[in-house]
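This structure is a prediction, so every number in the text was calculated from the model and none was measured.
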Amino acid sequence: MLIACFVITVLAGYVFNRIENFRDKGYIIFISALLILLMGLRHETCFIDTVRYVGGYNLLKNASFSQIPNLMNKDSTFWIFSKLIGCISGYNYTIWLFILGAIYVIPIAILIRKYSLNSTYSYIVFWALGFCFFSMTGLRQTLAFSLIVVAFIFLMGKRPIMFIFTVLVASLFHVTAAIFIIAYPITLAPINKKTICLYAIAAIFLQFFGKSLLYILIQSNDRFVGYEDFHGANLSGLIIQILIFGYSLYYLQDELDLPINKTLFHMCLLGIVFQSVATHVAEMFRISMYFSIFNIVLFANAMSSTYKDPTLSIIRPLTIVALCVYTLISPSTNTEYHFFWSTL
């Protein structure tokens, strides 16, 4: 089912782009509806974490709001919000998943509409980087993601108070979202050789000493104790982010002074730095995703810049084919999917 939805995403982009412009509102609405349906119609046993979340959601039926912080010891704001949904929906988990899916998908649609030069490329990268799959596993962080995207829009709009407020609210749904607060001061710096070298040094340092630093963090905070025995992730996530950075830098090197490009490159580089830690503790990829999610705009804009040079016309289809193949063979895209009405 996931593969079918990805294929529809690609084919619909081709159709819409032939009849309307690249930033077509209709395409974004169509794909948003598709993603919300995919997230809302799934069976409670789909994906590792969904069944646990549905189990927690069912526990809320007989719990008062005041009992939730003791009943759910992690990010209780998420569960308080979920109980509000339950009070309205009769604790139907499908309605709950639909609402959570919409909260996640709509800010991403707004982000793409506002800043992406090619919505089709953005949604292909969205799938390739695993953001569709992750939205159906880490539900608490999914809501935090949606608020971080809103915070990014405030960041671009030079509204620091709203940016800080939104990040703080996001951290109530998943405490790790607080890390995004560093985006505001860091994005004030220009993107140049010196800045890129500093990011590279940080990434290399974390490659060598990240494990020790994480051990200290895990031992000092019960919130992260569950990560202690996790193995490091493979290098594929780090490599693809580095490739996105290199590709984008090559095609956008003459446009680094544009505010949107400067900010997007900072997001990309921060994602790489935190992803380098994930090679020691795999769960650290969650931190990286707060920044790497904006690669869906950066990479699309870099791809679109190739239109300026006709000699590069072969680059676009080759790149898209490579991304599509990568997505189609990805284990996450090939995860089994069942509708809520399925008998298992």
Assign the ring pair Phe81 / Phe173 to parallel, tilted or perpendicular, where the plane angle (0 to 90°) is split at 30° and 60°. perpendicular

With a 3.5 Å distance limit and no angle check, can you tell me whether Asn261 reaches the backbone of Glu255 through a side-chain donor-acceptor pair? yes

Apply side chain to side chain donor-acceptor pair (under 3.5 Å) to Ser135 and list each qualifying residue two or more places apart in sequence or on a separate chain. none

Can you tell if the side chain of Leu38 reaches within under 4.5 Å of the side chain of Leu2, non-hydrogen atoms only? yes

Side-chain donor/acceptor of Tyr121 to backbone N/O of Phe299, under 3.5 Å: no

Evaluate the side-chain proximity of Phe126 to Thr9: yes if any heavy-atom separation is below 4.5 Å, no if none is. no

Compute whether any side-chain donor of one residue and acceptor of the other, for Ser82 and Trp96, lie under 3.5 angstrom apart. yes

Can you tell me if Ser288 and Gln241 form a side-chain donor-acceptor pair at under 3.5 Å? yes

Donor-acceptor pair, Lys83 side chain versus Ala63 backbone, under 3.5 Å? yes

Are side-chain N/O atoms of Gln141 and Tyr290 paired as donor and acceptor at under 3.5 Å? yes

Student check: side-chain heavy atoms of Ser116 and Leu111 closer than 4.5 Å: no

Does some side-chain heavy atom of Phe294 sit less than 4.5 Å from a side-chain heavy atom of Val297? no

Checking His266 against Tyr199: is there a side-chain donor and acceptor pair closer than 3.5 Å? yes

Candidate pair Asn118 and Ser122, rule side chain to side chain contact (heavy atoms under 4.5 Å, CB included), full reasoning: CA-CA 6 Å; Asn118 190 305; Ser122 286; over 6 Å; no

Should Tyr93 and Glu44 count as side-chain neighbours, where that means a heavy-atom distance under 4.5 Å? yes

Taking all heavy atoms of Pro259 and all of Thr263, pick out the closest pair and write down the distance. O-OG1, 2.9 Å

Work out which heavy atom in Gly40 is nearest to a heavy atom in Thr94; give both atom names and the distance. O-CG2, 3.3 Å

Are side-chain heavy atoms of Leu97 and Arg42 found at a separation under 4.5 Å? yes

Give the intermediate values and the outcome of ring-ring contact (aromatic ring centres under 6.0 Å, His included) for residues Tyr91 and Tyr57. CA-CA 8 Å; Tyr91 294 94; Tyr57 184 60; 5.7 Å; yes

Applying salt bridge (Lys or Arg N to Asp or Glu O under 4.0 Å), which residue pairs with at least one partner in residues 238-254 are found, sequence neighbours left out? none

With sequence neighbours left out, what residues match Leu243 under side chain to side chain contact (heavy atoms under 4.5 Å, CB included)? Ile239

Could you please spell out the steps behind the side chain to side chain contact (heavy atoms under 4.5 Å, CB included) verdict for Leu71 and Trp79? CA-CA 9 Å; Leu71 185 65; Trp79 295 107; over 6 Å; no

Show me the donor-acceptor pairs within less than 3.5 Å that the side chains of residues 145-165 make with the rest of the protein, sequence neighbours left out.
from   : atom 1 : to     : atom 2 : distance (Å)
Ser146 : OG     : Leu143 : O      : 2.6

Taking Phe339 as the starting point, is it possible to reach Leu100 by hopping between hydrophobic residues whose side chains are less than 4.5 Å apart? yes

Considering non-hydrogen atoms only, spot the tightest contact between Tyr27 and Ala12 and give its length. CE1-C, 3.6 Å

Can you confirm whether Ile80 sits close enough to Met72 that some side-chain heavy atom of one is under 4.5 Å from a side-chain heavy atom of the other? no

Across all chains, not counting sequence neighbours, the side chain to side chain contact (heavy atoms under 4.5 Å, CB included) partners of Ser32 are Ile28, Val105, Ala109, Tyr123

Before you tell me yes or no, could you show the steps for Val10 and Ile124 under side chain to side chain contact (heavy atoms under 4.5 Å, CB included), namely the whole-Å CA-CA distance, both residues' side-chain angles and the distance that decides it to 0.1 Å? CA-CA 7 Å; Val10 178; Ile124 289 174; 4.1 Å; yes

Quick check: is Leu11 connected to Leu35 through a chain of hydrophobic side chains (ILVMFWY, heavy atoms under 4.5 Å apart)? yes

Using a 3.5 Å distance criterion without hydrogens, assess whether the side chain of Thr335 forms a donor-acceptor pair with backbone atoms of Pro331. yes

Can a donor-acceptor pair be found between the side chains of Thr195 and Asn192 at a distance below 3.5 Å? yes

Using side chain to side chain contact (heavy atoms under 4.5 Å, CB included) as the criterion, list what pairs up with Thr137, not counting sequence neighbours. Phe47, Asp49, Phe133, Phe134

I'd like to know if the side chain of Ser330 and the backbone of Thr327 have a donor-acceptor N/O pair within less than 3.5 Å. no

Taking side chain as C-beta onward, heavy atoms only, is Leu252 less than 4.5 Å from Leu298? yes

